[in-house]
Participant: 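Please find one structure pasted underneath; my questions will follow.
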Amino acid sequence: MDKVKDNYQSGLVSVVIPTCNRGELFYKAIESVLGQTYPQVEIIVIDDNSDSPPALEQYQAQPMPIIYHKNDSNLGGAISRNIGAALGHGEFVCFLDDDDVYLENKLALLVAELEQDAGIDAVFGKIVKLSDPKREYAIDFVDSKSILNSLESIKYLHTNTSLIRHTVFDRIRFDEALAKFQDTQLHIELVQKCRCKYLDIPVALWNDNHGSGQITDMKNAAQHVRSIDNYTKLKNNLYQRDSISWLQYQKMAFNLSKMKVKYALNFGRSQDLQLNLFETNVLSLLKFRRALFCK
């Protein structure tokens, strides 16, 4: 294959799949990559210290090379994805959660977009949420050329639907300080610092309700506290890197306040969660309204 900048192989796509004790869903994920119509692909499996390694020998006859790396300890999604990207040789890099799948034309569609316009740094397709497969998006976050032009787009972007030039990803990477919201961080920095295109075409399936545990779960107090802690880091780290404006920082601070008040309303005040005066007053008002209308 031809070489491009930083010795990445021209036209090759590096697909990074971090996994940990996922079981059968992992095999559906990897097989969705093996079934891609685009042929120039390498798969990089990052085993985040599973109890037993996945049975990858069953794919030895497949033409796509599979690189396997096992972490010595559980490092989490951000670090595992960065390790996988660093092991990749492709001009393009993308990611797949081990409980989701690509549609068969995902890579062919997105590679074509990047190859026809060298000025595009990354391209996103549409995610299909299996619990709500007919969900429609109001495409008001792109310009006339389908370039993402607003952080309002972040709620519609999904890591499984992206394809990024490897050299661009190397400049941003996932924030390894984040145990959660690293997807949001990467997308914010891509939209803010790069030229990213959006295709309103389904390219991946998000298996959001399979019941075997996901990092996005918000089922108990500990998960809410974890989200609040990581959103705080996300807000502060983005601002320190000049990836968001002061106004965007304030909007994130307001979102954080809503998260904290919601936690206190549902689980009570906690020593692990300090509320400022504004948050305390909002909490008091909401408690009063609840007591008034629930009698």
Side-chain angles (χ1 to χ4, degrees), residues 18 20-22 48-49 73-81 97 99 127 129 131-132 135 150-159 174-189 191-192 206-295:
C20 183
N21 296 326
R22 184 57 77 184
D48 200 17
N49 200 33
S73 60
N74 188 270
L75 301 177
I79 296 176
S80 294
R81 286 165 168 170
D97 294 340
D99 50 358
I127 192 71
K129 188 177 181 181
S131 66
D132 187 14
R135 178 188 181 193
S150 166
L151 288 188
E152 292 301 313
S153 65
I154 299 303
K155 59 188 174 183
Y156 299 111
L157 305 182
H158 197 287
T159 309
F174 289 100
D175 186 340
E176 296 183 357
L178 299 175
K180 190 175 182 179
F181 299 119
Q182 64 264 30
D183 297 6
T184 302
Q185 165 259 321
L186 181 73
H187 298 160
I188 287 175
E189 298 201 73
V191 171
Q192 292 284 79
W206 176 16
N207 189 7
D208 64 310
N209 197 26
H210 53 67
S212 58
Q214 296 173 295
I215 196 170
T216 52
D217 285 346
M218 297 281 280
K219 299 175 181 176
N220 56 49
Q223 290 170 338
H224 278 265
V225 170
R226 182 170 182 262
S227 292
I228 291 168
D229 288 344
N230 280 277
Y231 195 82
T232 302
K233 292 178 185 177
L234 171 69
K235 170 180 65 72
N236 294 338
N237 291 357
L238 288 172
Y239 191 62
Q240 289 170 5
R241 291 196 294 270
D242 294 324
S243 296
I244 55 174
S245 67
W246 180 86
L247 180 58
Q248 290 161 342
Y249 175 84
Q250 293 302 320
K251 288 181 178 179
M252 293 186 72
F254 182 70
N255 290 336
L256 179 63
S257 290
K258 290 194 292 185
M259 294 170 68
K260 292 166 68 177
V261 170
K262 182 178 179 180
Y263 171 89
L265 191 63
N266 292 330
F267 300 103
R269 298 289 291 267
S270 167
Q271 291 182 345
D272 297 328
L273 187 67
Q274 300 297 319
L275 300 184
N276 60 32
L277 181 60
F278 167 73
E279 293 159 354
T280 300
N281 289 338
V282 171
L283 176 64
S284 298
L285 176 61
L286 291 175
K287 284 184 174 180
F288 175 76
R289 290 183 61 185
R290 177 181 284 183
L292 184 65
F293 290 105
C294 291
K295 287 183 179 180

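This structure is a prediction, so every number in the text was calculated from the model and none was measured.
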Participant: Is there side-chain contact between Thr184 and Leu178, with at least one heavy-atom pair below 4.5 Å?
Facilitator: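 No. Closest side-chain heavy atoms not under 4.5 Å.
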Participant: Are the side chain of Asn230 and the backbone N or O of Ala179 linked by a donor-acceptor pair below 3.5 Å?
Facilitator: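 Yes; at least one donor-acceptor contact below 3.5 Å.
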Participant: Checking Gln182 side chain against Phe174 main chain: does a donor-acceptor pair fall under 3.5 Å?
Facilitator: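 A pair under 3.5 Å: no.
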Participant: I need the minimum non-hydrogen distance between His224 and Tyr263, along with the two atoms involved.
Facilitator: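 Shortest heavy-atom contact: CB-CD1, 3.6 Å.
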Participant: Considering all heavy atoms of both residues, which atom of Asn49 and which atom of Asn74 are nearest to each other, and what is their separation?
Facilitator: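 Heavy atoms of Asn49 and Asn74 come nearest at CB-N, 3.8 Å.
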Participant: Just so I know, are the side chains of Tyr249 and Asn236 near enough to count as touching, which here means a heavy-atom distance under 4.5 Å?
Facilitator: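 Yes - at least one pair of side-chain heavy atoms lies under 4.5 Å apart.
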Participant: Considering non-hydrogen atoms only, spot the tightest contact between Leu283 and Val261 and give its length.
Facilitator: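 The answer is CD1-O, 4.1 Å.
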Participant: Check whether any side-chain heavy atom of Leu273 sits under 4.5 Å from a side-chain heavy atom of Met259, and report yes or no.
Facilitator: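 No, side chains not in contact.
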Participant: In the structure I gave you, are the side-chain heavy atoms of Met252 and Tyr231 within less than 4.5 Å of one another anywhere?
Facilitator: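 Met252 vs Tyr231: side chains touch.
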Participant: Would you say Glu152 has more than 12 foreign heavy atoms packed within less than 6.0 Å of its CD?
Facilitator: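 No, not enclosed.
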Participant: Salt bridge (charged side-chain N to carboxylate O under 4.0 Å, His left out), that's the test. Do Asp97 and Arg22 meet it? Break it down for me.
Facilitator: CA-CA 10 Å; Asp97 294 340; Arg22 184 57 77 184; over 6 Å; no
Participant: Ignoring hydrogens and angles, tell me if any N or O in the side chain of Lys260 forms a donor-acceptor pair with the backbone of Gln274 under 3.5 Å.
Facilitator: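 Yes; judged by distance alone, with no hydrogens or angles, the pair exists.
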Participant: Below 4.5 Å, heavy atoms only, C-beta onward: do Asp208 and Ser131 meet side chain to side chain?
Facilitator: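 With C-beta onward as the side chain, the pair touches.
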Participant: With no hydrogens and no angle check, is any side-chain donor or acceptor of Gln192 less than 3.5 Å from a backbone partner on Glu189?
Facilitator: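 No, because the side chain of Gln192 does not come within donor-acceptor range (under 3.5 Å) of the backbone of Glu189.
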Participant: Answer whether the closest heavy-atom distance between the side chains of Ser257 and Val282 falls below 4.5 Å.
Facilitator: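 The answer is no, as the side chains (C-beta and beyond) never meet within the 4.5 Å cut-off.
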Participant: For Lys251, does the NZ atom sit with more than 12 other heavy atoms under 6.0 Å from it, leaving out its own atoms?
Facilitator: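 Count not over threshold, so no.
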Participant: Classify the ring geometry between Phe254 and Phe278 as parallel (under 30°), tilted (30 to 60°) or perpendicular (over 60°).
Facilitator: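 Phe254 vs Phe278 ring planes: tilted.
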Participant: Is Lys233 paired with Asp175 through a side-chain N to carboxylate O contact shorter than 4.0 Å?
Facilitator: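 Salt bridge absent between Asp175 and Lys233.
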